[in-house]
Participant: 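The structure under discussion is supplied below as structure tokens; questions concerning it will follow.
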2 protein chains.
Amino acid sequence: MAVKRAPRRRLSADERERHIARGAVAFFCEVGFGGQTRELAKRLGITQPLLYRYFPNKEALIERVYREVYLNRWDPRWEEMLDDHSRPARERIVAFYRDYAKAVLSYEWIRIFMFSGLRGMNLNSRYLTLVRDRVYTRVIRELRREYGLPSPAEVPIGEMEFELVWALHASIFYIGIRKWIYGLEIPENVDEVVENLATSFLDGVPAVMAKSLKPAAKSLKPLKPALKTRKPATNVLKPAAKVPRRAPRPRG
Amino acid sequence: MAVKRAPRRRLSADERERHIARGAVAFFCEVGFGGQTRELAKRLGITQPLLYRYFPNKEALIERVYREVYLNRWDPRWEEMLDDHSRPARERIVAFYRDYAKAVLSYEWIRIFMFSGLRGMNLNSRYLTLVRDRVYTRVIRELRREYGLPSPAEVPIGEMEFELVWALHASIFYIGIRKWIYGLEIPENVDEVVENLATSFLDGVPAVMAKSLKPAAKSLKPLKPALKTRKPATNVLKPAAKVPRRAPRPRG
DNA sequence: TTTCCTACTTATCGCCATATAAATAACGCA
DNA sequence: TGCGTTATTTATATGGCGATAAGTAGGAAA
């Protein structure tokens, strides 16, 4: 039986570029960056050479996928949220992680994040350094305040304290890994789980934290103070040279 | 300048097979399974067709890599360790996780585990189901006992309890991800970190756990009882048909 | 020392993936 | 309604990678 061919439709260059970019995200996060341009084109309902009208080569397309996924993932309100002293610290922290989990626990993000890490991109470390500077420092600061411990200005944040916050981050992110990388079942009510993880964190942390703050503690190694340099926010990637569309070739 | 060629050395078939297998692990865990057989052969100091004398195709070689890495990773003493009632529960649990972390936080394991997950292998889920049945259930059982809560025989283990143990597992495993996938710096003294994570876990968990055990709790959803079927232990993968070496071809 | 088995190499096939060049046709505009 | 621009397709080049076939030589045994 003959394949019914959809009537050819011309999109504006911008529309098509976005169309391809979105499709590429969905495609590559599923099969990895080894996925073939032919297969991608087929899914998009276009021919493979058309991709090369919009992106000079596959690598540029992948670059575009990174921008699509990494950009605008950061919600600047998170920082305000953690700073809002009108609410109790515990409530703020729990609320933040509930929000953050919603933003981060998606098929696309989890997989692209892993793929880019395994490929040796440094996007991951850039992104996570940002998280550390914008979030971890705040969480620790508020925890210190909550438990009557010295402020980071008085005693700089120690390695071990960061590790404790890393652990909470990890336990949330790992829910996504279990589901979208290992293909395991996870609880239906992720919100409740995250809430419990944050709560359990808040209950378990102070003992260890207080211990690590005692000058006698074995490995109290202050880190470079974070939160010092104030960057423009939001963008993990540079605003970035937009890939120039290929000029139509002269004919004849 | 002429390339100094190492004198050709003949290994016994078994030796060469292991040589290739070990090299393949190191190679594929670094570049992923998309890595080229030519490049692998170069690193091994052999020619690429020789690979095909020992493995019928690339997929079989990859299969061999899985066996090499997954097999014998499980230490049966872990279960005994957790069951040893002559030591306090907290001590046992902390000691177990210190040990487990040492076994699991390696470049090879972390990366192969991720690569196999992203490839859609079900090895990950098989392995992790084993961990759940052999470890998580024990940890929860001991915790319940420690805190005077009903035993799993009386009240089956709930979803949320498993989630709490997952969280500890995640926070340890994630240390490896940070280092070997994201390329981030991690503390020198991982042992101490793991100890603190386990401690913080033990301090933080009981409140949430007790809550989740109250019949009134929202989502007390008992899971299928684990630890029931006793499997031969140790092997995650089937003992597995050894790839038959290719018979030398008749000549002339 | 000679022989013979087989580990290993050289040479090469054939396919498939990225990428380019040339031809076609959809749509805006006159 | 016809024209020109350019989005899109068809056809194809080019190289790389998995895999095979045939020839070479190491070393154990006699």
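Chain letters run A, B, ... following the sequence lines, proteins first and then strands; every chain starts at 1.
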Participant: Please check if any side-chain donor atom of A:Y70 sits under 3.5 Å from a side-chain acceptor atom of A:S116, or the reverse.
Facilitator: yes
Participant: Does the plane of the ring in B:F33 sit parallel, tilted or perpendicular to the ring in B:F28? Use 30° and 60° as the thresholds.
Facilitator: tilted
Participant: D:dA19 base to B:Q48 side chain: any donor-acceptor pair below 3.5 Å?
Facilitator: yes
Participant: For B:L11, report the nucleic acid contact type (base, sugar-phosphate, nothing); a contact means any heavy atom under 4.0 Å.
Facilitator: sugar-phosphate
Participant: Without decimals, in angstroms, what is the distance between A:H19 NE2 and D:dA7 P?
Facilitator: 16 Å
Participant: Between the base of D:dG18 and the side chain of B:R38, is there a donor and acceptor pair under 3.5 angstrom?
Facilitator: yes
Participant: Using heavy-atom distances to pick each residue's nearest nucleotide on DNA chain C, tell me which of B:P49 and A:E59 is more 5'.
Facilitator: B:P49
Participant: Between atom CZ in B:R53 and atom P in D:dA21, what is the gap in whole Å?
Facilitator: 13 Å
Participant: Tell me which nucleotide among C:dT9, C:dT20, D:dA7 gets nearest to the side chain of B:L50.
Facilitator: C:dT9
Participant: Given the ring of A:W166, does B:R178 sit roughly above its face, with NZ or CZ under 6.0 Å from the centre of the six-membered ring and within 45° of the axis?
Facilitator: yes
Participant: Which of these nucleotides, D:dT8, D:dT9, C:dA19, is closest to any side-chain atom of A:K58?
Facilitator: C:dA19
Participant: Roughly, in whole Å, what's the span from CZ in A:R18 to P in D:dA7?
Facilitator: 14 Å
Participant: Would you say the ring centers of A:H169 and A:Y100 fall short of 6.0 Å from each other?
Facilitator: yes
Participant: Using a cut-off of less than 4.0 Å, is there contact between a side-chain N or O of A:Y52 and OP1 or OP2 of C:dT20?
Facilitator: no
Participant: Quick one: the side chain of A:R16 and the base of D:dT8, do they pair up donor-acceptor inside 3.5 Å?
Facilitator: no
Participant: Would you mind classifying the nucleic acid contact of B:G34 as base, sugar-phosphate or nothing, using non-hydrogen atoms under 4.0 angstrom?
Facilitator: nothing
Participant: Rounded off to whole Å, could you give me the CG-to-P distance for the A:L61 and C:dA17 pair?
Facilitator: 16 Å
Participant: Starting from P on C:dT9, measure out to CG on B:L51 and report it in whole angstrom.
Facilitator: 10 Å
Participant: Using OP1 and OP2 only, check whether a side-chain N or O of A:T47 sits under 4.0 Å from D:dT8.
Facilitator: no
Participant: Write down the distance between CZ (A:F27) and P (C:dA17), rounded to a whole number of angstrom.
Facilitator: 10 Å
Participant: Quick one: is the NZ or CZ of A:R64 closer than 6.0 Å to the six-membered ring centre of A:F55, and within 45° of its axis?
Facilitator: no
Participant: Rounded to whole Å, how long is the line connecting atom CG of B:L40 with atom P of D:dA19?
Facilitator: 13 Å
Participant: Output the single nucleotide from C:dA25, D:dG27, C:dA17 whose closest atom is nearest the side chain of B:R10.
Facilitator: D:dG27
Participant: For C:dA7, does OP1 or OP2 lie under 4.0 Å from any side-chain N or O of B:Y54?
Facilitator: no
Participant: Which whole-number value in Å describes the distance from B:F55 CZ to D:dG18 C1'?
Facilitator: 16 Å
